[in-house]
Structures are given as structure tokens and as C-alpha cells.
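What you see is a predicted model, and the numbers here were worked out from it, not measured in a lab.
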Amino acid sequence: MASGGEAVAWVPQEDGLREICGLLEQQMAPTADDKSMVWQKLEHYSQFPDFNNYLSFIFARAEGISVEVRQAAGLLLKNNLRSALKAMPHANQQYIKTELLPCVAAADKQIRSTAGTIISTFVQIVGVAEWPELLHALVKCLDSNDVNHMEGAMDALSKICEDVPQVLDSDISALSERPINAFIPRFLQLFQSPHATLRKLALGSVNQYVMLMPTVLYVSMDKYLQGLFLLANDPTPEVRKLVCAAFVQLIEVRSAVLEPHLRNVIEYMLVVNKDQDDEVALEACEFWSAYCEAELPPENLREFLPRLLPILLSNMAYSDDDESIVEAEEDGSLPDREQDLKPRFHASRFRGSEDVEDEDDDIVNVWNLRKCSAAALDFLSNVFGDEILPTLMPIVQAKLSATGDEAWKDREAAVLALGAIGEGCINGLYPHLSEIITFLIPLLDDKYPLIRSISCWTLSRFSKYIVQGTAHREGHDQFDKVLTVLLRRLVDDNKRVQEAACSAFATLEEEAAEELVPRLDIILQHLMWAFGKYQRRNLRIVYDALGTLADAVGGELNQPKYLEILMPPLIMKWQQLSDSDKDLFPLLECFTSIAQALGTGFSQFAQPVYQRCISIIQTQQLAKADPVSAGTPYDKEFIVCCLDLLSGLTEGLGPGIESLVSQSNLRDLLLQCCVDDAYDVRQSAFALLGDLARVCPVHLHPRLAEFLDVSAKQLQNLPKLKETVSVANNACWAIGELAIKVRKEISPVVLTVVSALVLILQHPEGLNKSLIENTAITLGRLAWVCPELVSPHMEHFMQSWCIALSMIRDDIEKEEAFRGLCAMVRANPSGALNSLLFMCKAIASWHEIRSEDLHNEVCQVLHGYKQMLKDGAWEQCMSALEPPVKDKLSKYQLQ
């Protein structure tokens with residue numbers, strides 16, 4: 001091959017051309033035996049500086065070569081550009097650009113389309129400033145009357161608009177105006193093109209700018225809206241879908257421009273919500289949820305509800321070709337296929353006041369018209385509440401009472417509707433809730449599996465009220481019936497019903513908590529029957545339900561009769577799964593909840609569980625460095641799950657974990673995890689560090705300085721900290737836990753940590769509540785153990801610290817923070833003088849200080865300031881406090 005020479009002079013060598021074309025043909029051949037060999041050869045060629053020139057030549061002008069091979073050359077070029085373009089010699093870049101431009105107007109549609117893809121990739125990487133010829137060529141093609149030229153240009157532009165819209169809306173030094181100013185008027189003009197492809201690409205491209213709203217689009221808004229109305233009844237479904245998408249985007253971000261036309265838009269959406277094309281109807285249906293989410297005036301929509309609600313209900317019925325209907329008939333005893341197993345993500349352990357809740361995992365994963373309609377109904381019910389019931393309920397009742405096999409889809413849709421309005425219309429439904437639940441219970445035994453599954457979900461939407469009802473006899477009986485029927489469905493033969501029943505039961509468990517205790521025997525039996533029956537995918541939900549049960553009933557689970565039902569099958573599964581089997585993840589999570597619930601009752605199972613966690617972490621840390629000698633690929637999630645289970649064990653066993661820790665190398669493994677480059681590994685590592693600090697700090701001692709150092713580092717870079725706030729949160733909490741155990745030994749890092757904590761308190765924007773609370777508590781704990789180090793700096797942070805302290809609920813951690821406050825004031829009383837008002841408010845934030853000695857310390861602090869402030873200064877300070885704060889301080893006898 002040539003070495004890359006001048007772009008003008010570059011010509012391919014025949015041998016090279018033939019060889020590369022031959023390899024591309026081989027690679028495409030359906031019977032190619034050794035595609036990896038072909039790839040290796042292509043990889044070898046890609047080392048030559050002019051390899052991409054060859055690909056450009058083959059793509060753009062190789063005569064006698066099939067379109068398929070030319071396309072393959074183009075797509076390989078596109079992939080190569082991602083890694084090679086920035087370092088490519090300028091001459092080679094120029095050659096490729098020169099070859100690409102004419103392809104935009106090629107006679108063959110596939111070549112035009114591939115050219116558009118390569119050009120968009122080019123622009124993504126280096127922008128358009130270095131390629132002014134591109135913009136001129138695209139404008140020229142759009143202004144020609146040749147359909148191929150226009151389509152080729154629009155194809156390239158639509159891809160640029162989709163991938164990097166901001167590039168065209170930027171100032172470019174060689175141009176007098178932004179490129180988008182030249183293109184938007186031309187796109188709008190093409191709305192009237194007789195060619196559907198041009199109309200579709202032009203509209204799709206303009207839609208990409210609704211969020212960015214460049215000036216040229218803003219001033220052309222009337223023309224854009226006229227164009228949308230012109231295309232509203234376009235014969236091509238893809239165009240109608242884009243019209244709907246435009247109205248949805250506008251209602252989300254630029255609702256004011258639609259206000260004068262809102263009635264027309266709503267009328268249009270009502271019509272297309274019934275479009276023959278499901279994708280158009282789906283896009284139209286998004287409008288109702290978007291309208292509600294944008295919190296626009298409900299009255300604009302109110303008069304249309306009697307027409308809208310029946311459409312939504314009609315669209316909530318399964319279509320005949322819905323794949324869920326086929327899947328629902330699948331035999332529950334058949335093993336799951338790999339593609340049925342969704343990837344799962346473990347949420348790392350979080351120490352603080354606002355554990356992030358997972359979104360409900362929906363029963364169906366594919367977004368479709370049925371689900372979108374149900375979501376719209378849910379939104380509408382939350383905006384309009386009981387107002388929608390007079391229109392909606394007669395339709396629901398009619399569908400529910402429809403008889404015969406052909407009406408099952410209507411019955412199913414009606415049950416879905418009841419669940420969808422279960423939150424928003426609860427006030428209106430509440431008086432009839434007992435009847436609704438009584439009606440739903442038999443549907444869990446319906447012969448149609450999809451009716452059984454949706455009835456489980458809808459029942460779960462009323463869990464809170466079903467549990468509340470247990471306060472009286474009838475409600476208690478109904479709770480028992482719901483529990484019994486859900487448990488029966490747990491062992492249904494149908495996979496879809498199993499999934500819905502298990503998820504519904506987990507929701508009920510969260511609400512019911514101690515109500516489950518008298519029924520633990522039967523619950524555990526059914527869950528373990530399900531455990532023995534389910535295939536891999538649904539097994540994950542059983543683990544979740546078991547974990548939720550353990551969280552709900554806590555120590556009540558710690559009885560031999562329950563453990564005999566629960567533990568043997570779980571331990572057998574634990575032994576069956578290899579250390580590299582991802583099915584371990586949900587089992588590890590399940591054990592974490594069980595260990596915390598059983599407390600010391602888990603000791604009999606703890607040793608093998610603990611040892612295996614240590615072994616898995618070791619193997620994974622080795623796999624990260626050398627997967628071959630580890631014998632397994634690296635997957636950080638194994639480390640995260642094992643760290644979290646060790647945290648659960650530490651929390652459950654308390655000091656009982658000490659014998660296990662002392663006989664292992666956990667300390668060294670944990671330190672390694674604390675410096676891992678993956679933030680979720682660090683997050684779980686610092687949670688475990690804090691847990692261990694609480695119960696066996698002596699085992700951390702030999703590497704205490706390193707643990708403190710690495711913990712402090714997590715807090716030091718405020719902008720970076722915002723990206724990994726949960727790591728900082730857990731590290732901050734761990735430092736506080738270590739401080740109160742090792743006392744003065746924390747001295748070497750105190751000032752480093754305090755300066756980082758003060759920055760967090762002074763710049764809380766964008767940080768979560770939990771980090772602010774943990775920061776305030778840790779600062780107080782450090783002040784408690786090292787007041788002589790912290791107090792000289794207190795005037796710099798007292799105000800923001802006291803504000804944060806006043807937000808924390810009464811508990812032992814708040815007590816420790818206030819011990820720090822008192823210790824600092826004793827060491828440096830003048831340091832808090834300027835922040836006395838804020839300190840008084842922080843003290844007044846206590847509902848009650850239960851510790852008598854802390855109450856007395858706080859009392860002494862306040863009386864100390866009263867004596868210190870002479871000549872009416874104390875009275876002046878008190879008069880500045882709000883009456884409720886003064887009332888709270890009265891218990892300290894300050895008058």
C-alpha cells in the first residue's frame with residue numbers, strides 16, 4: 001500500500017483494491033466459515049495510513065463492484081472514523097471528504113443513505129467548521145430540482161440534526177451566519193414537497209430543534225405551525241406520527257405558542273388517537289400525559305374528557321396481534337430463553353435519609369398504545385380526580401359485565417383502567433372500595449391468564465387501603481381473602497401470572513408489615529413452593545418478595561419453624577450456583593435482607609456466606625487485573641452485591657461478626673474497594689467501612705490512616721463530588737462512625753475533612769438532603785472528639801452548620817453532633833457569637849433531647865451566652881427570634 005501521499009495525487013494500487021474488495025465480499029458471504037480470519041486481515045490493513053482512502057474509493061467509485069460491497073466499505077469506513085479521524089493526516093481527511101460529497105447525490109438510494117451516515121459521523125467528531133464545502137453542497141442539492149440530490153442531502157442533514165443538532169446552531173468563523181439559518185427555511189419549504197420521503201425528513205429535522213429553539217425557528221414559528229396543520233392529514237403514516245411528535249414536544253417545552261391553536265390541536269389529537277396506524281395513535285396518545293406533566297390549565301382539557309376517556313379505554317384493550325397474548329399461553333414449566341432474561345441492576349448500598357426507590361417494574365416491558373393509554377388515564381385521574389368518574393365508570397362497568405369468550409379483552413382493559421385510576425380517583429372510589437375488591441378477587445381465578453395477571457396488579461394498587469381496613473372486622477376478613485388469593489396465584493402454572501402475583505404480593509408486604517406475622521407460616525410455604533416451581537426470570541421476583549418479607553417482619557422471622565421452611569431451599573440454591581453465575585445477584589440481595597432481619601439468628605448460616613463473599617471479591621479483583629488466571633471475566637456487580645451482603649451481615653450479627661473478620665483478609669480487600677475506579681463499588685465499600693467501624697473498629701486499626709485518607713479524598717473535589725454524591729455521602733458517614741470509635745486517633749485528617757465538609761455546607765446546591773445531613777453530623781462528631789482542633793475555625797461555618805443541624809430529625813446521631821457543638825462552644829465561646837441566632841434555632845429544632853446530660857450541656861451553653869452578653873445584647877438577640885423558637889427555648893429557663 002502507499003504511505004498516504006498527497007491527497008490530490010493519491011491513487012489506489014490495483015492489488016490492494018482487489019484484496020480489500022475480496023475480503024469485504026468474504027465477510028458478507030452467508031456461508032463464510034472463518035469470519036474472524038477476515039476480520040483479522042481487515043484489522044491488519046487498518047494499520048496502513050491510507051486504508052480508509054481505499055474504503056472511500058471502493059464506496060464512492062469502484063466500478064463493477066456490487067452495491068452491497070460498496071455499502072460494506074462505507075460502513076467499515078464510518079466505524080473506523082470514530083477511532084481514527086482525529087489522528088488522521090490532513091491530506092487523507094481531505095481525500096475522504098472529497099470522495100464522499102458526490103455520493104450524497106448518487107443514483108442508488110442505499111449509497112446515498114450510507115453517505116449520509118458517514119457524513120453525520122464525520123460531523124459528530126470534528127464539526128462542520130473545517131468542512132465548509134459540505135454545507136455549500138447540501139444547500140446546492142436542496143435547491144436543485146433533482147429528487148435524488150434533494151433526498152441525499154436531506155438524509156445526511158436529518159442524521160446530523162438527530163445526532164448533533166447543536167453543531168448547525170453554532171457560530172462558525174468562516175460563515176456570516178449560523179448554518180441552521182440557511183436550512184430551517186428550506187426544511188419548512190419541503191413540508192409542501194410532493195415526495196413523502198422529503199416531507200418526512202424535513203419535518204423530522206425541524207422537530208429536532210424544538211428543544212434548542214434557534215432564533216430562526218422562533219421567528220418562523222407561525223410558518224412551522226401552518227406546516228404542521230398542512231401535514232396533519234398526510235397520507236403517509238410516518239409524517240402524521242411526526243406531526244403528533246411535534247405537538248407533544250411543543251406542549252412540553254413551548255406550550256405558549258400552541259395556546260391560540262390549542263382547541264384545534266386537541267381536536268386533531270382526539271382524531272389521530274384512533275388512527276388506523278398504531279404508531280401514529282401511540283404518538284398522539286403521548287400528548288395527554290405530556291399536557292398533564294407540563295401542569296397546564298386543566299380547564300382547557302375538561303370539556304374534551306367525555307370524548308377522550310372512551311378512546312383511551314378502547315385503546316387499552318389488547319390488540320389481536322399483541323405478542324403478550326401469545327406469550328401468556330406459554331407453559332410455565334418451560335425453561336426461560338436467554339432473551340427473556342432482562343438485565344438487572346443492583347442498587348448500591350446508601351447510608352442516609354433518602355433511599356432512592358426503584359421505579360415499579362411494569363408487567364409488560366414493551367411501550368405500546370395500550371400502556372400509553374393507561375399511563376394517560378393515570379395522569380388524567382391525578383389532575384381531574386373524581387371528576388372523571390361519572391364518564392368513566394359506566395364504560396368500565398359495561399366492559400366488566402360483558403360476557404362470553406370474545407369479550408375477555410374488554411374485561412381485561414376495564415380491570416387495567418381501575419388500577420390506572422386507583423391513585424388519582426381514590427376519594428371517589430373509597431366508599432366503593434370494598435365492593436371493587438370483592439369484585440376483583442374472583443377475577444384472580446379467571447380462565448384467561450391475562451385477566452388473572454392484571455387483576456393481581458390492580459389489587460396491588462389498593463394495597464394501602466386493604467391494609468388500613470384491617471382495623472375493623474370486615475376489612476380484616478377482606479385482607480385475609482386478598483392474601484389467600486394472591487398466594488394461590490403465586491403458584492399459578494402461567495409465568496405471566498406468577499410474575500404479576502409475586503410483584504403484587506411484594507407491594508402488599510411493604511404496606512402490611514406486622515399484619516403478616518400471624519400468617520408467616522402459610523406465606524413462607526407458598527413462597528418456597530413458588531421458589532421450587534419458577535423458572536429463572538420469575539425466580540428473581542421470588543427473591544425480591546422474600547427480601548421484602550424479611551424487611552417487613554424483621555426479627556419475627558427468627559423462629560426455628562420459619563427458618564426450617566425458608567433456609568434449606570435457599571442454601572441449596574446458593575450451593576448450586578457457581579461464583580460467576582449472575583443468578584447469584586438476587587440471591588445475595590435476598591440474603592442481605594434476611595441477615596438484617598434475623599440479626600444474631602443468622603449466625604448459624606453466617607460463616608459459609610461470609611467466606612464465599614470474601615472469595616468472590618478476591619476472584620473478581622484478580623479478574624480485573626488478569627481474567628485468564630482468574631478463570632472468569634470481571635463483573636463489578638459481584639463485588640457490589642458481596643460488599644452489601646457483608647454490610648447486611650455486619651448489621652445483623654453486630655459484634656458477632658468479629659470472629660469472621662479476624663480470620664479473613666477483609667480489611668485489605670475493603671481498602672482496595674475503597675479506591676476502585678467504579679463509583680458503585682466505592683459506594684458500597686464505604687457503607688461497609690462505616691458498618692464495621694460501628695461494631696469492630698479494632699480490626700480496621702492496622703490500616704486506619706489509609707482508610708481515613710481515602711475517605712477524606714471522596715469529599716475534596718466539590719464539582720466532581722456532585723457526579724458521585726452517593727459515594728461522598730457514604731464516605732462522610734463512615735468518617736463520622738470511625739471518629740466516635742477511635743477518638744483522638746482521627747486527628748491527622750480532621751482539618752482536611754472539616755474544610756471539605758464546610759464547603760459542602762456552604763454550597764449545598766445540587767446536593768441531596770442525605771449528604772447535607774451526614775455532613776452536619778460528621779462535622780459535629782469530629783468537633784466532639786477533637787474540639788481543640790475544630791473550634792478555632794468555627795466562626796467560618798457555624799451559620800451554615802446550624803442551618804443544616806436544624807433540619808435533622810431527633811436521634812442518637814443528632815445527639816452526638818450537638819455534643820460536638822457544646823464542646824466547641826466551651827473551647828471557643830466567642831467563635832459562635834456572630835451566629836447565635838442560628839444556634840438558638842438549631843437548639844429549638846429538637847422535639848425533645850432525651851439524654852439528660854446533653855440537655856444540661858445545652859442549658860449551660862445558653863446560660864453562658866446570657867451571662868456573656870451584657871447591656872441588653874442578650875435581650876436584643878432573643879427579641880429577634882420567632883415566637884415558636886422562643887417557646888421551644890423556654891424549657892432551658894432563660895427568663
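You'll find the side chain of Q683 reaches within 4.5 Å of the side chain of S726, heavy atoms only. Contact check for F229 versus V243: no side-chain heavy atoms found under the 4.5 Å cut-off. A 4.5 Å side-chain heavy-atom check between V553 and E514 finds every atom pair outside the cut-off. Considering only heavy atoms from C-beta on, S455 comes within 4.5 Å of I451 through its side chain. Residues S460 and S463 form a side-chain contact, since some pair of their non-hydrogen atoms from C-beta on lies under 4.5 Å apart. Annotation: side chain of T507 is not in contact with side chain of W457 (no heavy-atom distance under 4.5 Å). Taking 4.5 Å as the limit, every side-chain heavy atom of S647 sits out of range of all side-chain heavy atoms of T592. Within the 4.5 Å cutoff, the side chain of V272 has no heavy atoms near those of the K241 side chain.
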Exercise for the section: Given side chain to side chain contact (heavy atoms under 4.5 Å, CB included), test L380 with C292 step by step and report yes or no. Expected result: CA-CA 7 Å; L380 289 166; C292 297; 3.8 Å; yes
Problem - Derivation of the side chain to side chain contact (heavy atoms under 4.5 Å, CB included) call for N273 and L312 - result: CA-CA 8 Å; N273 210 158; L312 293 178; 4.2 Å; yes
Problem - Worked verdict on L377 versus I388 for side chain to side chain contact (heavy atoms under 4.5 Å, CB included) - result: CA-CA 10 Å; L377 184 56; I388 67 172; 4.2 Å; yes
Handout entry: salt bridge (Lys or Arg N to Asp or Glu O under 4.0 Å) evaluation trace for R461 with D378
Key = CA-CA 12 Å; R461 295 274 285 177; D378 187 352; 3.5 Å; yes
Exercise for the section: Decide side chain to side chain contact (heavy atoms under 4.5 Å, CB included) for N368 and L282; before the verdict, give the C-alpha distance in whole Å, the side-chain angles of both, and the deciding distance to 0.1 Å. Expected result: CA-CA 7 Å; N368 55 25; L282 172 58; 5.5 Å; no
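One N or O on the side chain of S890 and one on the backbone of D887 form a donor-acceptor pair closer than 3.5 Å. At distances below 3.5 Å, at least one donor-acceptor pair connects side-chain atoms of R411 with backbone N or O atoms of A402. Checked by atom type and distance alone, the side chain of S289 never pairs as donor or acceptor with a backbone atom of E286 at under 3.5 Å. For the pair D410 (side chain) and A317 (backbone), a donor-acceptor distance under 3.5 Å is absent. Panel note: side chain D386, backbone G428; a donor-acceptor pair is recorded below 3.5 Å. Side-chain N or O atoms of K371 include none that pairs as donor or acceptor with a backbone N or O of M316 at under 3.5 Å.
For R850 and D811, the salt-bridge test fails: no basic side-chain N is under 4.0 Å from an acidic carboxylate O. By the 4.0 Å N-to-carboxylate-O rule, E499 lies close enough to R537 to be salt-bridged with it. D492 and R489 are joined by a salt bridge, as a carboxylate oxygen and a charged side-chain nitrogen come within less than 4.0 angstrom of each other. Under 4.0 Å is where a charged nitrogen must lie from a carboxylate oxygen, and between D477 and R473 at least one such pair does. Electrostatic pairing of R370 and E412 counts as a salt bridge here, judged by a charged N lying under 4.0 Å from a carboxylate O. At a threshold of 4.0 Å, the pair R519-D480 counts as salt-bridged, since one of the basic side-chain nitrogens sits closer than that to a carboxylate oxygen. The residues K464 and E511 are annotated as not salt-bridged, no charged nitrogen and carboxylate oxygen being separated by less than 4.0 angstrom. A salt bridge links R263 and E303; the closest N-O separation between the charged side-chain nitrogens and carboxylate oxygens is under 4.0 Å.
Across every non-hydrogen atom of Y318 and K409, the tightest pair is O-CD, 3.3 Å. Taking each heavy atom of L433 and F462 in turn, the nearest pair found is CD1-CD2, 3.6 Å. Here the closest heavy-atom approach between residue S593 and residue G547 is recorded as CB-O, 3.5 Å. Shortest non-hydrogen contact noted between V257 and L250 is CG2-CD2, 3.9 Å. In terms of heavy atoms, A376 sits closest to W288 at CB-CB, 4.0 Å. Closest heavy-atom contact between L305 and T391: O-CG2, 4.4 Å.
No more than 12 heavy atoms of other residues, nucleotides or ligands lie within 6.0 Å of NZ in K274, so this atom counts as exposed by the packing criterion. With a 6.0 Å radius and a threshold of 12 heavy atoms from other residues, nucleotides or ligands, E387 has its CD atom above the threshold. For H472, the NE2 atom is densely surrounded, since the number of other residues' heavy atoms within 6.0 Å is greater than 12. For E299, the CD atom sits in a packed shell: over 12 heavy atoms of surrounding residues, nucleotides or ligands are nearer than 6.0 Å.
Figure legend: cation-pi geometry between R302 and F384 absent, as NZ or CZ is not positioned both under 6.0 Å from the six-membered ring centre and within 45° of its axis. Geometrically, K888 does not engage W846 in a cation-pi contact, judged by NZ or CZ lying under 6.0 Å from the ring centre and within 45° of the ring axis.
The NZ atom of K814 lies 9.0 Å from the CD1 atom of I777; values are rounded to the nearest 0.5 Å. With values rounded to the nearest 0.5 angstrom, D278 atom CG is found 12.5 Å from E283 atom CD. Taken from CD1 in I426 to OG in S381, the straight-line distance is 10.0 Å, to the nearest 0.5 Å. Here the CH2-SG distance, from W367 to C372, works out to 5.0 Å after rounding to the nearest 0.5 Å. Taken from CG in L301 to CD1 in I266, the straight-line distance is 5.0 Å, to the nearest 0.5 Å. Rounding to the nearest 0.5 Å places CZ of F591 at 15.5 Å from CG of D644.
Note: F531 and Y543 have perpendicular aromatic rings, judged against thresholds of 30 and 60 degrees for the angle between ring planes.
Residues T438 and Q478 bring a donor and an acceptor atom of their side chains to less than 3.5 Å of each other. In this model, a donor atom of one side chain and an acceptor atom of the other lie less than 3.5 Å apart for Q498 and N538. Judged by distance alone, the side chains of D446 and W408 never bring a donor and an acceptor atom under 3.5 Å apart. Under 3.5 Å, the side chains of N729 and S770 contain a donor-acceptor pair of N or O atoms. Neither side chain, N233 nor Y268, offers a donor N or O lying under 3.5 Å from an acceptor on the other.
With V415 as reference, L400 is the one residue of L450, L400, V396 to meet the side chain to side chain contact (heavy atoms under 4.5 Å, CB included) rule. Exactly one residue among R488, K533, R452 makes a salt bridge (charged side-chain N to carboxylate O under 4.0 Å, His left out) with D493. That residue is K533.
Ring centroids of H526 and F505 are separated by 6.0 Å or more, keeping the two rings apart.
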